[in-house]
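Heads up: the structure comes next, in structure tokens.
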Amino acid sequence: AIEGGEFVLHYQPVVCLGRQRTTGVEALLRWRREDDQIVPAGEFIAIAEQSGLMLELNEWILESAAEACARWRRNGWPDARVAINVSAQQFVAGNFLLDLERVDTALDDFGTGYSSLTSLEQLPLSRVKLDRSVIGGADSNPRSAAIVHSIIRLCRNLGLQVTVEGVERVSQLDFLSACGEVSVQGFLLARPVEASAIVELVHATRGKLDELLGEAEQQRATTLDDDLTSSVRMLRRSRRRSTSPV
């Protein structure tokens, strides 16, 4: 696949809720096979690492993402930024750090797997990306909401920026919009697309966000009306019981 040029990068916008704009994109590796079937990275990355081909693949990813970013800056998105996923092998072998003029490092999938609070203290991080499992119940479960609020507050106190992955419901976006300077990423806002579609997608961010937050406000109003109606009914039933003759 490497020799045949079958790998492609798709890009998913990362949207800052505080500034209401796309501040960057994440490069996501895909394998477009000869039969045009698209294979996600999760199905072959482990094999690439075990076979020793990960370094070669990472070099291609870095070059391709940098070239795409340069094109976006020339063609309508002057402050374009792109994030790539880096294999641990890339840090211990090769000249990865020397290939970059400046490295901003984010801890991915925080809240699951091997990530821990000590990682925030020990690693030279600039951003934390909360795993989708962390935000999963925050819009419906008070305990989950409290955990997300606590993590975001902790990261801010440590001077770290926060990105929340896997935002797929309007109610999740509504919850996060009240959390301050938080960035979000997920199918609700934008699915991964090819590089040629990114600039148009970036310029449409504000309108898309306004639309979704407007929908969230309508949902809140509907829920409030339903709760009020239910409370009135309960009060009426209670009053009837209290005034009924014995």
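Along the sequence shown, the residues carry numbers beginning at 1.
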TODO: Determine the minimum heavy-atom distance between V167 and V164, stating which atoms define it.
DONE: CG2-O, 3.9 Å
TODO: Test side chain to side chain contact (heavy atoms under 4.5 Å, CB included) on E121 and L158 and set out the steps.
DONE: CA-CA 8 Å; E121 177 189 5; L158 293 174; over 6 Å; no
Open item on the list: Less than 4.5 Å apart, side chain to side chain, heavy atoms only: is that true for L107 and L120?
Closed with: yes
Open item on the list: Could you go through L201 and T22, starting from their C-alpha distance and side-chain angles, then the distance that decides it, and tell me whether this counts as side chain to side chain contact (heavy atoms under 4.5 Å, CB included)?
Closed with: CA-CA 9 Å; L201 198 59; T22 296; over 6 Å; no
Open item on the list: Can you give me the closest heavy-atom contact between E6 and W31, atom names plus distance?
Closed with: OE1-NE1, 2.7 Å
Task: Any side-chain heavy-atom pair of R21 and D79 under 4.5 Å - done: yes
Task: From CD (Q172) to CG (L212), nearest 0.5 Å - done: 12.0 Å
Open item on the list: Nearest 0.5 angstrom please: D109 CG to L130 CG, how far?
Closed with: 10.0 Å
TODO: Using the side-chain hydrogen bond (donor to acceptor under 3.5 Å, both in side chains) rule, pick out the option among E165, E26, Q185 that qualifies with Q12.
DONE: Q185
Open item on the list: Please give me the minimum heavy-atom distance between E181 and G18, naming the atom from each residue.
Closed with: OE1-CA, 3.6 Å
Task: Cluster link F187 to V202, ILVMFWY, side chain under 4.5 Å - done: no
Task: Interatomic distance, L57 atom CG to L62 atom CG [nearest 0.5 angstrom] - done: 11.5 Å
Open item on the list: Under a 3.5 Å distance rule, please check whether R169 uses its side chain to pair with a backbone N or O of G136 as donor and acceptor.
Closed with: yes
- [ ] Quick one: pull up CG in L189 and CD in E168 and give me the separation to the nearest 0.5 Å.
- [x] 11.0 Å
Open item on the list: Between S51 and A48 (side chain of the first, backbone of the second, donor and acceptor by atom type, cut-off under 3.5 Å), is there such a pair?
Closed with: yes
Task: CZ on R33 to CZ on F7, rounded to 0.5 Å - done: 11.0 Å
Open item on the list: Tell me whether E217 at atom CD has more than 12 heavy atoms from other residues, nucleotides or ligands lying less than 6.0 Å away.
Closed with: no
TODO: Consider only side-chain N and O atoms of N75 and W77, and report whether a donor and an acceptor are under 3.5 Å apart.
DONE: no
Task: For C155, the option from L125, V182, L160 that meets side-chain contact (heavy atoms from CB on, under 4.5 Å) - done: L160
TODO: Would you mind reporting whether V8 and E194 have side-chain heavy atoms less than 4.5 Å apart?
DONE: no
- [ ] Please check if L188 and V14 belong to a single hydrophobic cluster, counting links between Ile, Leu, Val, Met, Phe, Trp and Tyr side chain heavy atoms closer than 4.5 Å.
- [x] no
Open item on the list: Which heavy atom of I135 sits nearest to which heavy atom of G166, and what is that distance?
Closed with: CG2-O, 4.4 Å
Open item on the list: Just to verify, which of L28, L29, I84 counts as forming a side-chain contact (heavy atoms from CB on, under 4.5 Å) with L9?
Closed with: L29
Open item on the list: Is there a side-chain contact between Q20 and D210 in this structure, where contact means two heavy atoms from C-beta onward sitting under 4.5 Å apart?
Closed with: yes
TODO: Go through the steps to decide whether W60 and I2 satisfy the test side chain to side chain contact (heavy atoms under 4.5 Å, CB included), and finish with yes or no.
DONE: CA-CA 9 Å; W60 178 85; I2 294 174; over 6 Å; no
- [ ] Answer yes or no: is there a donor N or O on one side and an acceptor on the other, between the side chain of R73 and the main chain of A80, under 3.5 Å?
- [x] yes
Open item on the list: Taking the side chain as everything from C-beta on, heavy atoms only, tell me whether L209 gets closer than 4.5 Å to L17.
Closed with: yes
Open item on the list: Looking at every non-hydrogen atom in both residues, tell me the closest pair between H149 and F175 and how far apart they are.
Closed with: NE2-CE1, 3.5 Å
- [ ] Take atom CD of Q37 as the centre, draw a 6.0 Å sphere, and report whether it contains more than 12 heavy atoms from other residues, nucleotides or ligands.
- [x] yes
Task: Gap separating the NE2 atom of H10 from the CZ atom of R191, nearest 0.5 angstrom - done: 13.0 Å
Open item on the list: Is there a continuous path of hydrophobic side-chain contacts, each under 4.5 Å between heavy atoms, that joins V134 to V15?
Closed with: yes
Task: Nearest heavy-atom neighbours spanning V25 and P13 - done: CG1-CA, 3.8 Å
